[in-house]
Amino acid sequence: MSSDQGSRVTVAGDATVIDLRGGVRVLVDADTYLRKRTFYERFPKPFLDRTVALLVMVVLLPLFIACAVAVYRSVGRPILFCQERVGRGGRVFTLYKFRTMLPDRRKASHTIAEVDRRISHKRADDPRLTDVGRFLRKWSLDELPNFIN
């Protein structure tokens with residue numbers, strides 16, 4: 001784990017604790033985190049993954065540009081939403097998506113009853129969702145920048 005990601009890894013007994021930016025701590029299984037990767041996992045698979053992702057990105061470049069322009073016109077900068085996530089084996093990576101929402105300026109006005117009524121974390125009527133964002137989410141185009149990963 002490199003320090004430029006803002007993460008610290010601590011191995012204690014059977015568990016590995018990963019400290020992310022913002023004080024978030026994630027607990028993962030030490031055996032999974034410390035398991036030695038096979039030859040296939042170290043060389044052919046990453047090469048194949050990167051090659052296919054690069055080819056798909058080149059083919060979809062006009063769609064990437066169209067989505068980026070639409071997001072820029074609808075919500076301005078930044079165009080991409082970036083967030084640290086913990087993946088398989090406790091590896092920290094940065095998730096990239098096209099922005100589909102405006103910042104929530106109503107957080108203080110949310111009531112407990114409103115939060116309890118929510119059925120899932122995604123609300124179709126969320127007032128922060130833009131028209132462009134609604135379209136991108138419907139067609140899963142907001143996920144395109146994940147090819148970078």
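The shown structure was predicted, so the numbers you read here are calculated from the model rather than taken from an experiment.
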Of the non-hydrogen atoms in [X] and [Y], which two are nearest, and what is the gap between them?
X      : Y     : value
Glu41  : Lys45 : CA-CB, 4.5 Å
Met101 : Val75 : O-CG1, 4.4 Å
Val86  : Phe93 : C-CE2, 4.1 Å
Leu144 : Phe64 : O-CZ, 3.4 Å

Do the side chains of [Y] and [X] get nearer than 4.5 Å, heavy atoms only?
X      : Y      : result
Arg50  : Leu54  : no
Phe135 : Asp131 : no
Arg137 : Leu129 : yes

Checklist entry - Just wondering, are more than 12 heavy atoms of other shown residues or ligands nearer than 6.0 Å to CZ in Arg42? => result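 Counting other residues, nucleotides and ligands, CZ of Arg42 exceeds 12 neighbours.
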Check the hydrophobic clustering (I, L, V, M, F, W, Y; side-chain heavy atoms under 4.5 Å; chains of links allowed) and say if [X] and [Y] are grouped together.
X      : Y      : result
Val69  : Leu63  : no
Trp139 : Tyr96  : yes
Phe98  : Val56  : yes
Val52  : Met57  : yes
Phe81  : Leu141 : no

Item to check | Residues clustered with Phe39, ILVMFWY side-chain links under 4.5 angstrom | outcome: Phe43
What is the distance from atom [atom1] of [X] to atom [atom2] of [Y], rounded to the nearest 0.5 Å?
X      : Y      : atom1 : atom2 : answer
Leu80  : Cys67  : CG    : SG    : 11.0 Å
Arg99  : Cys82  : CZ    : SG    : 10.5 Å
Leu60  : Ile65  : CG    : CD1   : 11.0 Å
Leu136 : Thr130 : CG    : OG1   : 7.0 Å

